[in-house]
Colleague: 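To start, I am sharing the structure in question, which I have written as structure tokens.
Everything quoted here is computed from the prediction, not taken from an experiment. Read the numbers this way: they start at 1 and go in the same order the structure lists the ligands and their atoms. Keep in mind that the numbers below use all heavy atoms, side chains included, and drop hydrogens, waters and symmetry copies.
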Amino acid sequence: MAEYDLVVRNGTLATASDVFRADIGVVDGRVVTIGAKVGAGRREIDAEGRIVTPGGIDSHCHIAQRSSMGVMTADDFFTATRSAACGGTTTVIPFAAQYRGMSLRQVVKDYHACADRKAAVDYAFHLIISDPTEQVTGQELPALIKAGYTSFKIYTTYDALKLDDRQILEVLSTARRERALVMVHAENHDVISWLSEKLLAAGHSAPRFHGMAHAPIAEREATSRAISLAELVDVPILIVHVSAREAMEQIRLAKSRGLKVYGETCPQYLFLTADDLDRPGFEGAKYMCSPPPRDKANQEVIWQGLVTGVFDVFSSDHAGYRYHDPEGKMKHGRNAPFKKVANGVPGLEVRTALLFSEGVGKGRIDLPKFVSLSATNAAKLYGLYPRKGTIAVGSDADLAIWDADKEVTITQSKIHDAMDYTPYEGMTIRGWPITTLVRGEVVAEGGEFVGAAGKGCFLKCDISPATAPLGRRTIAFDPATGSAESSKHVDRAQ
Ligand code: DUC
Ligand code: ZN
Ligand code: ZN
């Protein structure tokens, strides 16, 4: 008589803290036993010679989302999560994106309608806030946070999304009061628009000029400003998709001062460069994202940020727009000026394997670091831990089983998203998640999707311990409560 629904036997398990050999017993989709020679399972998977990690968590991806320029992402919730599953990712956290004038509650309902019968892996939502009215910060956000939407992204750029500093302060102080985590897209809007105008006026409209308009200094300035505003309010923040040394140094400095500033980076900043934006014809459009890929030296800097802990999470920022498609990169023609080309690159499926191959395989990071960057830290930051992001008794049996020696040449024909290109075409990597399980069910095996639309569950996120304020004031006044303290409480060690 089988004791377990599933046993994964003889694997080398890797968590964010340990690497050890053990069997995993699963009942009702949860891990119930981790040990040597556990009893029989109705289904058994032999993981001898394989590495078993928690399923990846991609905590930054855009799915079924209309861009600020009105272009729809290629992937819906089925194709995106099918692709995630095939790349060893078992939880995605995309965005429910508010545009100005929209009710946030309605936005969330609309995204659920897109996701709820389509997702093949589990999912939660961050909120994008572009219209922080009193109704939004005073009523909608507190209610949504209680309902499990505990993180939101704000923008310092894009005409349709950008908040000014007063609005940012309002959102940050709402987050402090309600204990939510604010993710910041940090690029200085005026610098980018001014440079863009000058570039276009001088006749420089090709994709490579997108990279110049989004100067590293614009990223640095907005990162430093966001950190300053968060410090004033005393609220933790996370700077997303950091591309370059300049912004990274701001995060490192903030961390070294004891501030709770978290950092995220993405594959495009490790594996693509500005040279890709300069490919012949309009090809460079395939590599356009914001912030843009930089140069080789910056790739090494970003690796160092992963190694030394400046970055806490490694996400894809998957935002796929097809190339040969009037609804994609070519919406405004095959030679559209860079300002009219949709920003974003795909990466859901290859994110973990790229980090595994070039990080673990090349000796830059060890397995526990790989697990923390690709799964555990996201679960902790966004209130999903320990249900997600680890292999522990009581956790969901979300697992990726790796063949560390499998060589894979990345090609779009083998990728399961709705795209017609991958920016990593032709790149050969070593190590691939050959089996993916969501709550004990196999959803991908041997490079094929074997799951089903609608099997993914919506996850309510808890308030994350990472959102606790420091209790360190820079002025003797708390704008959230109106209380003025004695100035002896003010932190002067800055
Ligand atoms: N930049 C974003 O801010 N979001 C989606 C993709 C991109 O390139
Ligand atoms: Zn962004
Ligand atoms: Zn994004």
Colleague: Quick check on ring-ring contact (aromatic ring centres under 6.0 Å, His included): which of Phe370, Phe314, Trp432 does Phe356 satisfy it with?
Modeller: Phe370
Colleague: Exactly which residues line ligand 1, taking a heavy atom under 4.0 Å from it as the test?
Modeller: His62, Lys153, Tyr155, Tyr158, His185, His241, Cys289, Ser290, Asp317, Ala319, Asn343, Gly344
Colleague: May I ask you to say whether Arg294 pairs ionically with Glu246, meaning some side-chain N is under 4.0 Å from a carboxylate O?
Modeller: no
Colleague: Going by distance alone, is a donor N or O of one side chain under 3.5 Å from an acceptor N or O of the other, for Arg351 and Thr89?
Modeller: yes
Colleague: Can you count the protein N, O or S atoms that lie less than 2.8 Å from the Zn ion (ligand 2)?
Modeller: 3
Colleague: Mark yes or no: Lys329 above the aromatic ring of Tyr321, with NZ or CZ under 6.0 Å from the six-membered ring centre and no more than 45 degrees from the axis.
Modeller: no
Colleague: Quick check on the 6.0 Å ring-centre criterion: do Phe95 and His126 meet it?
Modeller: yes
Colleague: Where do Glu300 and Arg364 land on the salt bridge (charged side-chain N to carboxylate O under 4.0 Å, His left out) test, with the steps shown first?
Modeller: CA-CA 11 Å; Glu300 274 319 305; Arg364 290 174 162 118; 3.2 Å; yes
Colleague: Regarding Asp417 and His318, do their side chains bring together a donor and an acceptor under 3.5 Å, going by distance alone?
Modeller: no
Colleague: Tell me whether Glu425 is salt-bridged to Lys286, with the criterion being a basic N under 4.0 Å from an acidic carboxylate O.
Modeller: no
Colleague: Taking His60 for the side chain and Val240 for the main chain, is one N or O donor matched with an acceptor at less than 3.5 Å?
Modeller: no
